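Below is one structure; the comments refer to it alone.
In this text, all values refer to a predicted model and were calculated from it rather than measured experimentally.
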Amino acid sequence: MKILVCISNVPDTTTKITFTPDGKAFNTAGVQFVINPYDEYALTRAIELKEAQGGTVTVLNVGEAETEPNIRKALAIGADDAIRVNLKPTDAFLVAQQIAHYAKEGGYDLILMGRESIDYNGFQVHGMVGELLGIPTIAPAIKLDVNGSTATLEREIEGGKEIIEVALPIVASAQQPMTEPRIPNMRGIMTARTKPLQVVEPVGQEAKTSVQAYELPPAKSGVKMIDAENAGELIKLLRNEAKVL
């Protein structure tokens with residue numbers, strides 16, 4: 001079984017978000033980047049399937065050279081090889097095009113990724129990849145098993161859970177509690193240095209969308225203390241200022 005796991009390079013969850021002076025880009029100065037946490041579920045489950053049933057796990061990242069430390073981390077966790085598409089990921093469709101092209105070229109049985117990246121929270125790429133490849137997409141999955149050429153997935157729906165059985169190949173996106181993400185050990189870190197990391201050029205069209213501006217949410221105002229016996233003033237503030245009534 002050939003498994004492709006798509007990973008994103010995202011700011012650490014503790015990052016303080018700021019933007020460039022013109023408001024058109026995220027300010028990366030001093031920011032620590034990590035593998036997208038949702039992608040780590042997909043990566044770990046792919047490695048578990050490989051260990052149980054055999055096969056290979058390839059990680060694919062659409063990004064520029066600064067993403068390579070996290071690609072090497074994915075290799076250290078247990079992936080066999082990696083592909084980096086040399087392109088800044090500015091648009092979901094553009095990213096999906098790259099994934100679909102190299103997934104088709106590689107003939108993968110299972111294409112996994114996180115449900116979304118924690119920076120943009122778009123929840124778009126997996127569906128686009130499945131559509132471009134003409135194969136089913138299951139999103140988001142909380143459980144994944146493979147038996148021969150059939151995958152069984154579980155996902156949460158309103159009021160319960162849904163169990164889906166589908167023939168490979170498929171695209172699936174992962175979220176907790178699919179598995180427990182792994183931390184690379186020393187042996188993995190050492191072997192990751194020699195595992196293949198292929199850098200390829202992008203294909204397809206230009207981005208279909210562009211960011212016009214970023215804005216931080218308004219700063220929170222100070223707390224207003226209302227006398228316990230002045231219920232009328234409290235109702236007035238909730239209605240006219242907080243606008244919750």
Side-chain angles (χ1 to χ4, degrees), residues 1-8 35-62 70-71 73-85 92 95-117 122-156 161-182 188 192 195-198 200 203:
M1 180 167 55
K2 293 182 67 176
I3 306 174
L4 180 69
V5 181
C6 309
I7 63 172
S8 299
I35 298 174
N36 180 47
Y38 287 119
D39 297 338
E40 289 190 291
Y41 292 107
L43 175 62
T44 302
R45 186 62 187 135
I47 294 166
E48 290 171 348
L49 289 170
K50 181 191 77 167
E51 290 171 346
Q53 303 184 25
T56 60
V57 174
T58 299
V59 292
L60 185 149
N61 168 257
V62 179
N70 280 325
I71 297 174
K73 180 181 177 183
L75 293 170
I77 290 171
D80 298 291
D81 62 330
I83 300 168
R84 178 174 68 82
V85 182
V95 170
Q97 268 194 321
Q98 312 311 311
I99 295 170
H101 174 80
Y102 288 103
K104 185 175 183 179
E105 196 174 75
Y108 295 96
D109 303 296
L110 184 59
I111 302 162
L112 298 178
M113 62 190 77
R115 60 169 290 159
E116 61 191 358
S117 62
F123 198 72
Q124 299 178 70
V125 173
H126 42 74
M128 293 178 179
V129 171
E131 182 66 21
L132 289 168
L133 291 173
I135 60 176
T137 301
I138 313 299
I142 60 172
K143 189 174 181 181
L144 166 64
D145 291 301
V146 176
N147 183 10
S149 61
T150 301
T152 304
L153 303 97
E154 185 176 304
R155 64 177 188 161
E156 293 177 333
K161 295 178 180 178
E162 179 181 57
I163 298 174
I164 300 169
E165 193 173 90
V166 60
L168 300 177
I170 63 167
V171 177
S173 68
Q175 68 173 42
Q176 72 276 23
M178 180 173 281
T179 189
E180 186 66 30
R182 294 186 181 183
K195 289 182 178 179
L197 196 172
Q198 182 185 8
V200 296
V203 298

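Distance check: L43 CG to C6 SG gives 11.0 Å after rounding to the nearest 0.5 Å. Once rounded to the nearest 0.5 Å, the distance linking CG of L168 with CE of M1 reads 7.5 Å. Note: Y41 OH to Q176 CD = 4.5 Å, rounded to the nearest 0.5 Å. Between the CZ atom in F123 and the OG atom in S173 there is a gap of 5.0 Å [rounded to 0.5 Å]. A distance of 7.5 Å separates NE2 in H126 from CZ in R115, rounded to the nearest 0.5 Å. Note that the CD1 atom of I138 and the CD atom of E154 stand 13.0 Å from one another [nearest 0.5 Å].
Of all heavy-atom pairs spanning V59 and A74, the tightest one is CG1-CB, 3.9 Å. Annotation for A151 and L144: closest pair CB-CD1, 4.2 Å, computed over non-hydrogen atoms. For the residue pair G114 and A42, the shortest heavy atom distance occurs at N-CB, 4.2 Å. Between A82 and I71, the shortest heavy-atom contact is CB-CG2, 3.4 Å. The two atoms that bring A141 and L153 nearest to each other are CB-CD2, 3.9 Å, heavy atoms only.
K73 pairs by the side chain to side chain contact (heavy atoms under 4.5 Å, CB included) definition with I35, E40, N70, I77, P184, not counting sequence neighbours. Scanning for side chain to side chain donor-acceptor pair (under 3.5 Å) contacts around T179 gives E48, with sequence neighbours left out. The side chain to side chain donor-acceptor pair (under 3.5 Å) check on R155 picks up E162, with sequence neighbours excluded. The side chain to side chain donor-acceptor pair (under 3.5 Å) search around T58 returns D81, not counting sequence neighbours. Checked against side chain to side chain contact (heavy atoms under 4.5 Å, CB included), T150 has the following partners two or more places apart in sequence or in another chain: E165. Under the side chain to side chain donor-acceptor pair (under 3.5 Å) criterion, S117 pairs with D119, not counting sequence neighbours. Applying the salt bridge (Lys or Arg N to Asp or Glu O under 4.0 Å) test to E156 and every residue at least two apart in sequence or in another chain returns nothing.
Pairs of residues two or more places apart, or lying in two chains, that qualify as salt bridge (charged side-chain N to carboxylate O under 4.0 Å, His left out) and include a residue from residues 169-182 are E51-R182. Among pairs with a residue in residues 129-148, those fulfilling salt bridge (charged side-chain N to carboxylate O under 4.0 Å, His left out) read R45-D145, at least two apart in sequence or across chains.
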- request: Evaluate the side chain to side chain contact (heavy atoms under 4.5 Å, CB included) criterion for residues V129 and T137: first the C-alpha distance (whole Å), next the side-chain angles of each, then the deciding distance (0.1 Å), finally the verdict.
  value: CA-CA 8 Å; V129 171; T137 301; over 6 Å; no

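A distance-only check finds no donor-acceptor pair linking the side chain of K50 to the backbone of V57 [under 3.5 Å].
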Only pairs under 3.5 Å count here: list side-chain donor-acceptor contacts from residues 98-113, not counting sequence neighbours, and write none if there are none.
{"from": "Q98", "atom 1": "OE1", "to": "V203", "atom 2": "N", "distance (Å)": "2.8"}
{"from": "Q98", "atom 1": "NE2", "to": "L94", "atom 2": "O", "distance (Å)": "3.2"}
{"from": "Q98", "atom 1": "NE2", "to": "V203", "atom 2": "O", "distance (Å)": "2.8"}
{"from": "Y102", "atom 1": "OH", "to": "E201", "atom 2": "O", "distance (Å)": "2.7"}
{"from": "D109", "atom 1": "OD2", "to": "K2", "atom 2": "N", "distance (Å)": "2.8"}

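The shortest side-chain heavy-atom distance between D39 and V5 does not fall under the 4.5 Å cut-off.
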